[in-house]
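Owing to the predicted nature of the structure, the values given are computational and were not obtained by experimental measurement. Just so you know, ligand 1 is whichever comes first in the structure, and atom 1 is the first atom listed for that ligand.
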Amino acid sequence: MTPTVTLIVPTYNEEAVLPAAFDRLDALAARGPADRCRYEVLFVDDGSTDGTRGLVGAYAKRRGYADYVFLSRNFGKECAMLAGLDRAEGDAAVIVDADMQDPPELIARMLDLWREGYDDVYARRRSRAGESWFKRTTSRWYYRLLAAMSPVAIQPDTGDFRLLDRRCVLALRRLREANRNTKALFSWIGFRKKEFLYDCDARTAGHSKWNYPKLMRLALDGITSFTTAPLRVAAYVGTAVSVLALGYAGYIVARTLALGVDVPGYASLLVALLFLGGVQLLALGVIGEYLGRMFTEVKRRPDYLVEEESTARGAGGRS
Ligand code: UDP
Ligand code: MG
């Protein structure tokens, strides 16, 4: 039986890139028999406010292999992907960005690896066209930091462009945490992983939806949702400071015994006070960060809400 491959395409205000994306997706769908599979497309619109929904809706109506889900507001790409995974009924699913930065033509190569028995074929960027030196460098360092702190291996320079076997999709559906960092979740589920290198294209049009505050939040989420290392660091720093303070106390006692009472000490007192105050606030901040995460987690709100969805491929999925 020919396997079905579901392409999950998250969109958020992408009207500028959609016409080009539709052409590429049509070409890919037509290539299905050549790739020995059947492609279907699932758009997940993440609360677009431009003409994206109109375009996607019209496209899906004209194509038997395309469907859409419109979320009730902008939930972020992580949740949009989850909405897609919840509804991906194919034997495999591939996450492709609407800006076609991840060339869908590479999916044929991913399929070959999938047929060899790999469950999670992820594309690793060899180059990143159209991205600033700053973004490339910060992203490289972030991956290193995350890898150093995280208990599960995180694949560096890997975006969300990957082919997931059905069992990976089912595993990801079970991870319903509110603070989602999909990259780390992909690592966490395990299964047989295989990377292949590719050149990341520049956006065909429009502009990246990410800005540095947003990326910063995602980066912090990645760290705090996957490791409790920062909490441990606070404990280590506290221990180190206590040991140093004890040593210093011994030194003062010895000095006072040898040289008599020494009144001045204002500067060292203030330094110690400020330093400790700083460390305490930092540790409190770290604890607060985790507490905040527990707060959002404990409310058990759904990860996204659906406003409208099409059912060309048959009803199903959950919200
Ligand atoms: N996206 C989304 N919700 C958001 C932001 C982005 O669904 O809140 C989608 C966007 O439409 C695109 C993909 O996620 O298909 C990647 O976004 P973008 O190209 O802006 O990110 P970059 O490639 O610069 O990392
Ligand atoms: Mg992009």
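Residue Asn74 has at least one heavy-atom neighbour below 4.0 Å for each of these atoms of ligand 1: 3 (N), 4 (C), 8 (O). Every atom of ligand 1 with a heavy atom of Glu14 under 4.0 Å away is listed here by number and element: 10 (C), 11 (O), 12 (C), 15 (O). Which parts of ligand 1 touch Gly76 is read off a 4.0 Å heavy-atom cut-off, strictly below it: atoms 3 (N), 8 (O). Below 4.0 Å from some heavy atom of Ala98 lie the following atoms of ligand 1, by number and element: 15 (O). Using a 4.0 Å cut-off to heavy atoms of Asp97, the atoms of ligand 1 that qualify are 13 (C), 15 (O), 16 (C), 23 (O).
Considering backbone and side-chain atoms alike, Ala80 places every N or O at 3.5 Å or more from each N or O of ligand 1.
The pair Lys77-Asp46 does not meet the salt-bridge criterion, since no charged nitrogen lies less than 4.0 angstrom from a carboxylate oxygen. Salt bridge status for Glu40 with Arg38: present, with a side-chain N to carboxylate O gap under 4.0 Å.
Asp99 contributes atom OD2 as its closest N/O/S atom to the Mg ion (ligand 2).
Looking at Lys194, its side chain never comes within 3.5 Å of a backbone N or O of Glu116 through a donor-acceptor pair.
The only member of Tyr12, Phe70, Tyr65, Tyr59 that meets ring pair (Phe, Tyr, Trp, His ring centres under 6.0 Å) when paired with Phe43 is Tyr59.
Within a 6.0 Å sphere centred on OH of Tyr290, other residues, nucleotides and ligands contribute more than 12 heavy atoms.
Listed here is the closest heavy atom pair of Ile8 and Pro10: O-CD, 3.5 Å.
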